[in-house]
Amino acid sequence: MNTFVYNGNPARVIFGSGTVSRLGEEADRLGVKRLLVLSTPEQEAQAREIAAHLGARVAGTYAKAQMHTPVEVTADAMQTVEQLGADAVVSIGGGSTTGLGKAIAFRTDLPQIVVPTTYAGSEATPILGETEAGRKVTKSDPRILPEVIVYDVDLTLTLPLSLSVTSGINAVAHAVEALYAAEANPIVSMMAQEGISAITRALPLIQTDPQDRAARADALYGAWLCGVCLGSVGMALHHKLCHTLGGMFNLPHAPMHTAVLPHAVAYNRDAAPEAMARLSKALGGGDPAIALYDLADRLGATMSLKDLGMPPDGVEAAVEQAMSNAYWNPRPLERAALKELLERANTGERPTGD
Ligand code: NAD
């Protein structure tokens with residue numbers, strides 16, 4: 001008998017094309033009237049355009065969201081929240097913008113509407129990773145979980161191909177680790193397998209034609225499922241390594257996940273045979289570590305951490321930090337094997353076969 005515990009997070013999800021036109025309706029449904037619009041500096045114009053659907057409900061805009069949610073940025077944004085008397089936030093963008101909205105919600109319990117424009121999946125989780133003094137600390141709290149997600153596939157059409165690929169594989173990483181999580185359960189595994197299939201099927205089509213709306217919809221749907229997986233069960237070695245590398249060296253989030261994932265899968269391969277069988281099926285067969293590496297490589301992703309900005313002495317330092325306060329993992333953490341894993345990811349070597 002398969003004994004399990006399933007914890008579902010409440011979610012209201014609007015999915016489709018042109019769905020941002022429903023933002024006003026969603027704000028009214030929440031009973032909020034003074035929304036603070038959040039974005040990165042790069043997406044400020046797009047965010048303002050989308051926020052026009054909120055009309056007079058917009059109290060102001062804060063367009064300084066940054067990757068890895070630095071606490072200094074949140075402190076600065078909190079002043080704007082207070083000055084404007086905002087009663088909700090609307091985060092328009094990728095995981096960085098969603099992260100800022102979550103950091104504000106954690107401090108204020110304000111409701112959040114998220115309009116995701118990447119495949120990061122953060123919008124579906126009660127998890128917040130904040131960076132302070134070179135260390136990324138993750139917390140989970142019901143206040144952090146966004147109240148409403150408005151997925152509008154049209155917004156993903158502008159996502160550059162390279163970020164579409166790495167963001168998609170970032171989402172796949174959530175589902176991969178959900179398959180072998182300590183709390184793995186049949187519902188989450190079903191979503192994980194479906195999410196991985198949808199994204200990995202869509203990415204080659206997006207590579208051929210980034211305007212392929214059906215493929216974009218598939219990828220966004222998969223990203224949502226993978227985000228739900230991330231929010232439902234604990235993550236393992238792969239996420240620990242990426243949190244460590246992100247916090248220590250500020251490496252770009254999605255590309256770093258893409259370079260590390262095949263090696264984390266290779267590390268856990270023999271310790272989680274059932275998860276690997278499902279993963280292989282979702283990827284269309286074969287050794288899953290190799291399949292993930294080859295897919296990302298074919299899609300033009302940078303497979304070497306060194307090329308993403310990892311410093312020369314980074315491997316040793318990252319192994320030390322990853323070994324301290326380790327997450328649960330199906331295979332125990334072994335210093336020498338972890339060093340080898342990161343050295344391979346650092347140089348961008350293909351994982352060895354099973
Ligand atoms: P991002 O949000 O940093 O976006 C990268 C860049 O792409 C930004 O300049 C952004 O403005 C731009 N961009 C985003 N969407 C675009 C679009 N459609 N068109 C054009 N440009 C666009 O990248 P990300 O990978 O989505 O998010 C990374 C962050 O999310 C990290 O801080 C990571 O820790 C966090 N994250 C958190 C969770 C969680 O559950 N807590 C999950 C996944 C990621």
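Just so you know, ligand 1 is whichever comes first in the structure, and atom 1 is the first atom listed for that ligand. Predicted model only: the values in this text are computed from it and were never measured. Along the sequence shown, residues are numbered consecutively beginning with 1.
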Donor-acceptor pairs under 3.5 angstrom involving side-chain atoms of residues 243-250: please list them, not counting sequence neighbours.
residue: His243; atom: ND1; partner: His239; partner atom: O; Å: 3.3
residue: His243; atom: ND1; partner: Tyr327; partner atom: OH; Å: 2.7
residue: Thr244; atom: OG1; partner: Lys240; partner atom: O; Å: 2.7

Just distance, no hydrogens or angles: give the donor-acceptor pairs under 3.5 Å from side chains in residues 313-321, sequence neighbours left out.
residue: Glu316; atom: OE2; partner: Lys339; partner atom: NZ; Å: 3.4
residue: Glu320; atom: OE1; partner: Arg335; partner atom: NH1; Å: 2.9
residue: Glu320; atom: OE2; partner: Arg335; partner atom: NH1; Å: 2.5

Which side-chain N or O atoms in residues 29-39 pair as donor and acceptor under 3.5 Å with protein atoms at least two apart or in another chain?
residue: Arg34; atom: NE; partner: Leu84; partner atom: O; Å: 3.0
residue: Arg34; atom: NH2; partner: Leu84; partner atom: O; Å: 2.7

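Shortest non-hydrogen contact noted between Ala259 and Ala345 is O-CB, 3.9 Å. Between Pro351 and Ala289, the shortest heavy-atom contact is CG-O, 3.9 Å.
Taking 4.0 Å as the cut-off between side-chain N and carboxylate O, Arg350 and Asp294 count as a salt-bridged pair.
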Contact table, ligand 1 N/O with protein N/O, distance under 3.5 Å:
residue: ligand 1; atom: 2 (O); partner: Gly95; partner atom: N; Å: 3.1
residue: ligand 1; atom: 2 (O); partner: Ser96; partner atom: N; Å: 3.0
residue: ligand 1; atom: 2 (O); partner: Ser96; partner atom: OG; Å: 3.3
residue: ligand 1; atom: 3 (O); partner: Ser96; partner atom: OG; Å: 2.5
residue: ligand 1; atom: 9 (O); partner: Glu42; partner atom: OE1; Å: 3.0
residue: ligand 1; atom: 11 (O); partner: Thr40; partner atom: OG1; Å: 2.6
residue: ligand 1; atom: 11 (O); partner: Gln43; partner atom: OE1; Å: 2.7
residue: ligand 1; atom: 13 (N); partner: Gln43; partner atom: OE1; Å: 3.4
residue: ligand 1; atom: 15 (N); partner: Gln43; partner atom: NE2; Å: 3.3
residue: ligand 1; atom: 15 (N); partner: Thr117; partner atom: O; Å: 3.4
residue: ligand 1; atom: 15 (N); partner: Thr117; partner atom: OG1; Å: 2.7
residue: ligand 1; atom: 18 (N); partner: Thr117; partner atom: O; Å: 3.1
residue: ligand 1; atom: 18 (N); partner: Leu155; partner atom: O; Å: 3.0
residue: ligand 1; atom: 18 (N); partner: Thr158; partner atom: OG1; Å: 3.3
residue: ligand 1; atom: 19 (N); partner: Thr158; partner atom: O; Å: 3.3
residue: ligand 1; atom: 19 (N); partner: Thr158; partner atom: OG1; Å: 2.8
residue: ligand 1; atom: 26 (O); partner: Gly95; partner atom: N; Å: 2.8
residue: ligand 1; atom: 26 (O); partner: Thr118; partner atom: OG1; Å: 2.7
residue: ligand 1; atom: 27 (O); partner: Gly95; partner atom: N; Å: 3.1
residue: ligand 1; atom: 27 (O); partner: Ser96; partner atom: N; Å: 3.4
residue: ligand 1; atom: 30 (O); partner: Gly95; partner atom: O; Å: 3.4
residue: ligand 1; atom: 32 (O); partner: His68; partner atom: N; Å: 2.7
residue: ligand 1; atom: 34 (O); partner: Lys136; partner atom: NZ; Å: 2.5
residue: ligand 1; atom: 34 (O); partner: His253; partner atom: ND1; Å: 3.4
residue: ligand 1; atom: 40 (O); partner: Thr125; partner atom: OG1; Å: 2.7
residue: ligand 1; atom: 41 (N); partner: Ile127; partner atom: O; Å: 2.9

